[in-house]
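First comes the structure, then the notes that go with it.
Index from 1, following the sequence. All heavy atoms count here, side chains included; hydrogens, waters and symmetry mates do not. Because the structure is predicted, anything quoted here is derived from the model rather than measured.
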Amino acid sequence: ADMCFADDVNKVLMGILKKKNFQHLRSPLSFIFKEFIFNANKANLKRVFFRLNCLNINLPQDYEDGMKDFPKAMREEIYKISSYLNDYKKYVKVIFHEYTDKDFVFYIINNSQLTEHEKQRIQDKIALYSKVNKDENALFNILDETEGAGMGLFLSLKLMKQFGIDNRGFKIGVH
């Protein structure tokens with residue numbers, strides 16, 4: 001899921017929004033799509049990195065050890081790690097499922113299983129988002145140093161709310 005892929009998805013999205021006369025959603029949905037595609041791809045890259053380093057992503061100690069080096073590897077070895085995505089059959093795909101009337105259903109699918117730790121982090125970020133919506137001071141607690149601050153997810157949910165997109169339809173699952 002390189003930037004060309006994200007750009008191609010963005011072109012399809014723009015066509016759908018134009019057809020539906022929802023151009024006002026162009027910027028927020030473009031941001032949200034790119035954020036979700038990036039995160040899905042990053043999860044796949046993480047699995048490749050763990051495999052290349054003989055670490056089991058589902059073992060807590062291996063996960064902790066791997067996550068010490070993964071951020072640096074993302075900065076310095078991204079092309080090397082990316083070159084293994086096909087070999088390890090890791091992919092991200094986007095499906096525009098339904099876009100009739102005012103409905104708009106899409107899936108950004110990553111074929112990697114979430115670890116329990118990752119599921120919990122995502123649930124925690126969503127819960128924190130809900131808390132921040134009620135108490136703006138809670139925003140200072142959003143920073144998380146382990147893998148990224150979670151700001152992309154937070155901002156995506158915030159944009160959805162601001163533009164009247166029901167985020168109850170936002171789900172993270174396994175394909």
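- The aromatic rings of Phe33 and Phe96 lie parallel to each other, with less than 30° between the two planes, well short of the 60° mark.
- Residues Leu13 and Asn10 are in side-chain contact: their nearest non-hydrogen atoms beyond the backbone lie under 4.5 Å apart.
- A continuous path of hydrophobic side-chain contacts links Ile16 to Leu159 [ILVMFWY only; heavy atoms under 4.5 Å].
- Side chains of Leu17 and Leu29 form a contact here, defined as non-hydrogen atoms less than 4.5 Å apart.
- With salt bridges taken as basic N to acidic carboxylate O contacts below 4.0 Å, one links Asp65 and Lys68.
- Residues Asp62 and Phe50 come closest through the heavy atom pair O-CE2, 3.5 Å.
- To the nearest 0.5 Å, atoms CZ (Phe49) and OG (Ser82) are separated by 13.0 Å.
- Side-chain contact between Thr115 and Lys119: absent, with no pair of heavy atoms (C-beta onward) separated by less than 4.5 Å.
- Lys46 has a carboxylate O that lies under 4.0 Å from a charged side-chain N of Glu118, or vice versa, which qualifies the two as a salt bridge.
- Taking all atoms of both residues into account, the shortest heavy-atom contact from Phe31 to Ser156 is CE2-OG, 3.7 Å.
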For this session: Could you go through the side-chain contact (heavy atoms from CB on, under 4.5 Å) check for Phe70 and Glu77 one step at a time?
Result: CA-CA 9 Å; Phe70 179 66; Glu77 301 175 44; over 6 Å; no
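- Residues Pro28 and Met160 are not in side-chain contact: their nearest non-hydrogen atoms beyond the backbone lie 4.5 Å or more apart.
- Under a cutoff of 6.0 Å and an axis angle of 45°, Arg51 and Tyr88 form a cation-pi pair.
- The closest side-chain heavy-atom distance from Leu155 to Glu35 is not below 4.5 Å.
- Taking the side chain as every heavy atom from C-beta outward, Lys93 and Ile95 approach each other to under 4.5 Å.
- Side-chain contact between Tyr63 and Asn58: absent, with no pair of heavy atoms (C-beta onward) separated by less than 4.5 Å.
- To the nearest 0.5 Å, the span separating NZ on Lys125 from CD on Gln120 amounts to 11.5 Å.
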